[in-house]
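Scroll down for the structure; my scribbles are underneath it.
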Protein chains: 2
Amino acid sequence: MADASGRPRSRSSNHVTLDDVARLSGVSPITVSRALRGARNVSPDLQARVQTAVDQLGYVPNVAARALASARSSHVAVLIPSLTNQLFVELIEAVQDALVPHGFQSLIGVTHYDPAQEEALLRSHLSQRPAGMLLTGFDRSAEASRMLERSDTPCVYLMETSDAPGVHSVGFSQQDAGRAIVQHLLQRGRRRIAYAAGQLDPRVMLRLEGYREALRAADCHDPALELLVPGPTSIALGGRQFEELLARHPDVDAIFYCNDDLAQGGLLAALRTGVPVPQRVAIAGFNDLGGSDQMLPPLTTVRTPRQEIGKRAATMLLALMRAEAVAERTVDLGFELMVRQSS
Amino acid sequence: MADASGRPRSRSSNHVTLDDVARLSGVSPITVSRALRGARNVSPDLQARVQTAVDQLGYVPNVAARALASARSSHVAVLIPSLTNQLFVELIEAVQDALVPHGFQSLIGVTHYDPAQEEALLRSHLSQRPAGMLLTGFDRSAEASRMLERSDTPCVYLMETSDAPGVHSVGFSQQDAGRAIVQHLLQRGRRRIAYAAGQLDPRVMLRLEGYREALRAADCHDPALELLVPGPTSIALGGRQFEELLARHPDVDAIFYCNDDLAQGGLLAALRTGVPVPQRVAIAGFNDLGGSDQMLPPLTTVRTPRQEIGKRAATMLLALMRAEAVAERTVDLGFELMVRQSS
DNA sequence: CTGAAAGCGCTTACAG
DNA sequence: CTGAAAGCGCTTACAG
């Protein structure tokens, strides 16, 4: 059972293990484990000896062994609807930047706005016992919610906020933001304001609610001016919506698009068809994505704090994963009206 | 050492394990393990009994235990330069779509075009013993290459191609693509063709080589018309480059931008300053990103096969991870000239 | 503050 | 085609 080297024959790779570090530093493996994890109950002397041995051997912990023994992985599952919307790309980058320095890796799952796909992703990720989860919004299947609850995985919700007990969320009020931009258009004297939307996810519908509230308060609401198109948003769709609205309702004097890509398409369509913006019709978007400030004319929109949301949510999740108390369970980061020349 | 239930006291969670499946189906754990992994040396009868027990118990394998015992994780590390360029987002989505059905998860690392960051990411990912790696391009630090080689991790390179022995790559010739678009501009009668670039990664420089070759062959090369700006590309930068080129070189009759975001900015700047495109100056881009076909005028560009690259590279990596023979080590997927009205 | 023992849930290598 | 034994490299829980 032992080869020429005198060691038992085994499947052992040549990787340096925690035992090697323990042997070199002259302490027990448990102490090395504790020192490595930054436990406070290790004397500075031993801590230093362990660190020296680690550096000398180039020891790197085996994450699989750690995960198996502790029943906790170092992965955070991040479920977002889409990577096509630049919004979520920026959100994810901020999450990664906050998580990686603390030794966590993020696993990104794209749901394509489909509850069934989200449920499947949730099932698959949960089976890997992630250390935590970051989910977009609150709208999911009952089965998905049940799995989440049973799994007891620390979880923070992104983009929207909720006061429900036990729920941790970082976002802003989509409805308030929708109301704010429409109020701005009203203040500019617009009365026939259309809402042009695609994708129709829960947040787009909340913005619609804000739109309706503002218009009803001004006695200007006309359901005929709501143009809701299922399916993905795009620059091309925004252009088609622009032409359709102006053809059907020649008196339209403003269009609020639910996302900047649509609004950019609207602006280009106006240019193409010779409709002066904002003289004849004002155009407003949502999110303040790349290029909106470069359009002709520059686009009035709502700047949404996605980087901040990603960062704060990751920080909150870090605390939950360490089982620390979280003072603020609900963080509303607000939004900013970016008034440019298109309105 | 045993509690009231008669079972030994332990850290055991209530998760269903492989042993539970073995007990219920009346076979040994090893057979269950084999059946689960789809080994061919399990009789159909036992295979069926195991599957029944799995379904009945709702058994889900513990990936950490599997990774520890087999010394192989189910993670593929994907290192890309940026998520800001839509190109890489589409690449990643295609990779995920190909990998996930085979039980692999991808870990995305963003290098920000920085060799030092890539080296750090490589170190961190390699320490987790990924089942495979997907890397962008061939330009990296010597230390990074050494780590890769030592790790013996299956690896496929994206975007460019190489004939080097033992190297697996899927991409297209950046240089040929650069040459092709410039030849198109020459055919349209343009002679004072500028190259406007940002980011200056190795692929941007290869396109520059193609640009030079085409212009030298036509005896039209003028180094003064190469505008190379370090740092990220953007719509705004493309606009500034447009104005700078026309101010310094009033005789410029075409601009080839190294990426579509720059070219879109050039088109918008032309509109803003009243320079007719393509009459006074033709504009061409690279990649055919979202919105380029919607610009005014629609942008002439090169369509690059990023989805296909992601898919083929993932498929190739899957084969390598299964230690299967790979017939084609180098896959060149070409590119397509998209001639629209801006040229 | 430190450690000896046991175990996490799989798979490898060997045998039949 | 099937299985008993050992081990992967950590951490938990208990003890001192």
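Because the structure is a prediction, the values reported are computed rather than measured. Below, all heavy atoms of this structure are taken into account, side chains as well, without hydrogens, waters or symmetry copies. So you know, we letter chains A, B, ... as the sequences are listed, proteins then strands, and number each from 1.
One interatomic measurement links the two molecules: CD1 of B:Ile30 to C1' of C:dA13, which rounds to 12 Å at whole-angstrom precision. Between the P atom of C:dT11 and the CZ atom of B:Arg72 lies a distance of 14 Å, rounded to the nearest Å. Rounded to a whole Å, the CZ atom of A:Arg23 is 13 Å from the P atom of C:dA4. For the pair B:Leu57 CG and C:dG9 C1', the computed distance is 15 Å after rounding to whole Å. Between A:Leu68 atom CG and C:dA6 atom P there is a gap of 18 Å when expressed in whole angstrom units. Taking atom CG of residue A:Leu36 and atom P of nucleotide D:dT12, one finds them 13 Å apart after rounding to whole Å. Across the protein-nucleic acid pair, B:Arg34 atom CZ and C:dC10 atom P stand 16 Å apart, rounded to whole Å. Note: CZ (A:Arg37) to P (D:dA13) measures 11 Å, nearest angstrom.
Shown here are the side-chain contact (heavy atoms from CB on, under 4.5 Å) partners of A:Ser145, two or more places apart in sequence or in another chain: A:Arg140. Residues satisfying the side-chain contact (heavy atoms from CB on, under 4.5 Å) test with B:Asp139, not counting sequence neighbours, are B:Pro202. For A:Arg72, the salt bridge (Lys or Arg N to Asp or Glu O under 4.0 Å) criterion is met by no residue, not counting sequence neighbours. Applying the side-chain contact (heavy atoms from CB on, under 4.5 Å) test to B:Arg329 and every residue at least two apart in sequence or in another chain returns B:His168.
Taking a pair as Watson-Crick or G-U with both hydrogen-bonding distances under 3.5 Å, the stems of three or more pairs touching DNA chain C are C:1-3 with D:14-16, C:5-12 with D:5-12, C:14-16 with D:1-3.
For B:Ser43, no side-chain nitrogen or oxygen approaches OP1 or OP2 of D:dC1 to under 4.0 Å.
Projected onto DNA chain C by closest heavy-atom contact, A:Pro44 and A:Pro29 fall at different nucleotides, the more 5' of which corresponds to A:Pro44. Residue B:Gly26 is the one, among B:Ala65 and B:Gly26, whose nearest nucleotide of DNA chain D lies closer to the 5' end (criterion: closest heavy atom).
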Could you list the donor-acceptor pairs under 3.5 angstrom formed by side chains in residues 308-328 of chain A, with sequence neighbours left out?
from	atom 1	to	atom 2	distance (Å)
A:Thr315	OG1	A:Lys311	O	2.7
A:Arg322	NE	A:Glu324	OE2	3.0

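Comparing D:dT2, C:dT11, D:dT12 by their closest approach to the side chain of A:Ser70 singles out D:dT12. Listed nucleotides: C:dC1, D:dT11, D:dT2. Nearest to the side chain of B:Val42: D:dT2. Relative to the side chain of A:Asn62, the nucleotides C:dC10, D:dC10, C:dT11 differ in distance, and D:dC10 lies closest. For B:Ser28, taking side-chain heavy atoms from C-beta onward, the closest of the listed nucleotides C:dC1, D:dG3, C:dC8 is D:dG3.
Classification of the B:Tyr113-B:Phe88 ring pair by plane angle, with boundaries at 30° and 60°, yields perpendicular.
The aromatic ring centroids of B:His75 and A:His75 lie less than 6.0 Å from each other.
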